[in-house]
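These notes concern the structure reproduced below.
What you see below is based on every heavy atom in this structure, not just the backbone, and it leaves out hydrogens, waters and symmetry mates. As the structure lists them, so they are numbered: ligands from 1, and atoms in each ligand from 1.
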Amino acid sequence: MTTSDTRRDYLQNQKSSGRKLLGVFPAQFPRELLWAFNILPVEIWDPPVEIAQANAHLQPYICSIVRGGLELILQGKSSLVDGYLFPHTCDSLQNLASIVNDHLDTGKPCFFFYHPKAVDGQPAREFYRNQLTQLIDRLEQHFGSINIERLQECIQTSRRLYSQLNELFNLRKQGLLQITNSDFYATLRRSEFLWPTDYISELELLLTQKCVKPLPSRAVVLSGILPNPPEILSLLDQHKIRIAADDLLNGQRRMTFLPTNANDPLEAITDAYFAQPPCSTKDSAIAERLKHLQKLTVDSKSKGVIFNIIKFCEPELFDLPQLRAGLRSTGIPSLVIETEINQVLSGQIVTRLEAFLEMIGD
Ligand code: SF4
């Protein structure tokens, strides 16, 4: 496997090798459980499809992630997968899950994962554990019994993977990674469809880009759902601005913590979930999100925060005014841009971004 292999070729090869594929919608799901079933999670965030049929099933004010995911299914472009997994990330994705499961005849099983809308406390932990058990039960009905030893091995693999990711995030924070924002996220996002051991090999390669002295670059924090449209990254690259840390749902918000050493594998997965940074889709307190953003900015010596909000993303939009006001009160400038996935950045957004970069200075 090389980084030039296309996603489809890779998936085809995985399938030919006997692995099952599950199309997984954003964002948080217990990937170790799927690996233990020899299932490769294939995440569906921003498929490159022209919207033609999805609008007939959706209200106009729905985000482009949901619209794009539904279009992918309607166009039959997800035919390789053996089923779909819908985490309960937000109402829009829940709505999509109902449309696909109840109204479309895909001929593939749908699985659901309801993570708790509470970030701590024993009842929330019990709820999460219970969801893990229910997901195992449902997967066993389609893919055979889970092997607990195999699950333990997957937890070990996950620890290796997440500790490498943490090392990468740390190097990036210190400016010790000789790589553009575009290339960094291109590699990071290959976690969305690579088998973990293949992904670990790619991360090892990326870690060789480590440099001895920090790069002379201005830094910002990127917040939002995912680094799309990709022009945002190339624009920052052109202006020699480094994303030193991110608060992306598709990035550090879900990739920071590794399963603990708990003997019970489900406990290890649960620990990792509850150790993750605060998130709008888990109803985290805004004060916690603000504290987290301030810490990311200060620790990474960033000059400001760019919120890249996907249009109609309610969870993110609800938190935004208070987050910005809180940042402002501590002297951290921020910019909000609203984008649709896979759309070219408008001239107006480019101008606003460039004005913000000029404003935060050297
Ligand atoms: S962009 Fe926002 S509204 Fe859309 S799926 Fe993600 S969390 Fe839900």
Side-chain angles (χ1 to χ4, degrees), residues 22-29 31 41-49 51 54-55 57-74 78 84-101 104 110-119 185 188-189 191-192 222-230 232-233 246-255 273 276-286 288-289 292-293 306-324 336-343 345 349:
L22 207 56
V24 182
F25 283 85
Q28 317 255 13
F29 62 97
R31 58 192 70 222
V42 182
E43 298 185 34
I44 303 170
W45 287 81
D46 47 357
V49 285
I51 302 299
N55 287 342
H57 299 262
L58 297 167
Q59 60 269 47
Y61 44 86
I62 201 101
C63 76
S64 45
I65 286 191
V66 167
R67 200 177 297 284
L70 179 58
E71 187 69 38
L72 184 86
I73 295 175
L74 290 171
S78 58
Y84 300 101
L85 172 63
F86 296 91
H88 187 187
T89 302
C90 61
D91 291 347
S92 303
L93 275 169
Q94 191 58 24
N95 184 25
L96 174 67
S98 307
I99 293 172
V100 176
N101 187 55
L104 296 184
C110 292
F111 303 91
F112 308 95
F113 187 69
Y114 297 87
H115 47 71
K117 296 292 174 190
V119 285
Y185 282 102
L188 196 69
R189 297 202 57 194
S191 72
E192 294 165 22
L222 183 63
S223 180
I225 298 293
L226 80 169
N228 185 304
I232 294 173
L233 303 177
D246 77 59
D247 168 50
L248 297 172
L249 177 56
N250 158 288
Q252 278 182 262
R253 254 193 242 176
R254 65 174 192 152
M255 287 190 174
Y273 176 79
Q276 285 172 353
C279 177
S280 61
T281 68
K282 293 184 194 165
D283 286 353
S284 299
I286 292 181
E288 287 304 311
R289 286 203 65 201
H292 178 66
L293 272 173
I306 297 172
F307 292 95
N308 176 29
I309 303 295
I310 294 183
K311 263 187 202 156
F312 305 121
C313 175
E314 283 191 355
E316 290 288 285
L317 284 165
F318 282 148
D319 287 1
L320 202 51
Q322 290 179 65
L323 288 180
R324 292 198 76 198
V336 180
I337 51 177
E338 273 195 77
T339 55
E340 302 258 23
I341 57 166
N342 298 330
Q343 284 209 336
L345 283 187
I349 290 182

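Note that the CD atom of Gln94 and the CZ atom of Phe112 stand 7.5 Å from one another [nearest 0.5 Å]. In this structure, CG in Asp319 is found 4.0 Å from CD1 in Ile286, a value given to the nearest 0.5 Å. For the atom pair SG of Cys63 and CD1 of Ile309, the computed distance is 12.0 Å after rounding to the nearest 0.5 Å.
Legend: residues meeting ring-ring contact (aromatic ring centres under 6.0 Å, His included) with His292, ordered by chain and number and at least two apart, are absent. When the ring-ring contact (aromatic ring centres under 6.0 Å, His included) test is applied to His115, the partners found at least two apart in sequence or on another chain are Tyr273. For Asp46, the salt bridge (Lys or Arg N to Asp or Glu O under 4.0 Å) test picks out Arg189, with sequence neighbours left out.
Protein atoms of type N, O or S found under 2.8 Å from atom 2 (Fe) of ligand 1 total 1.
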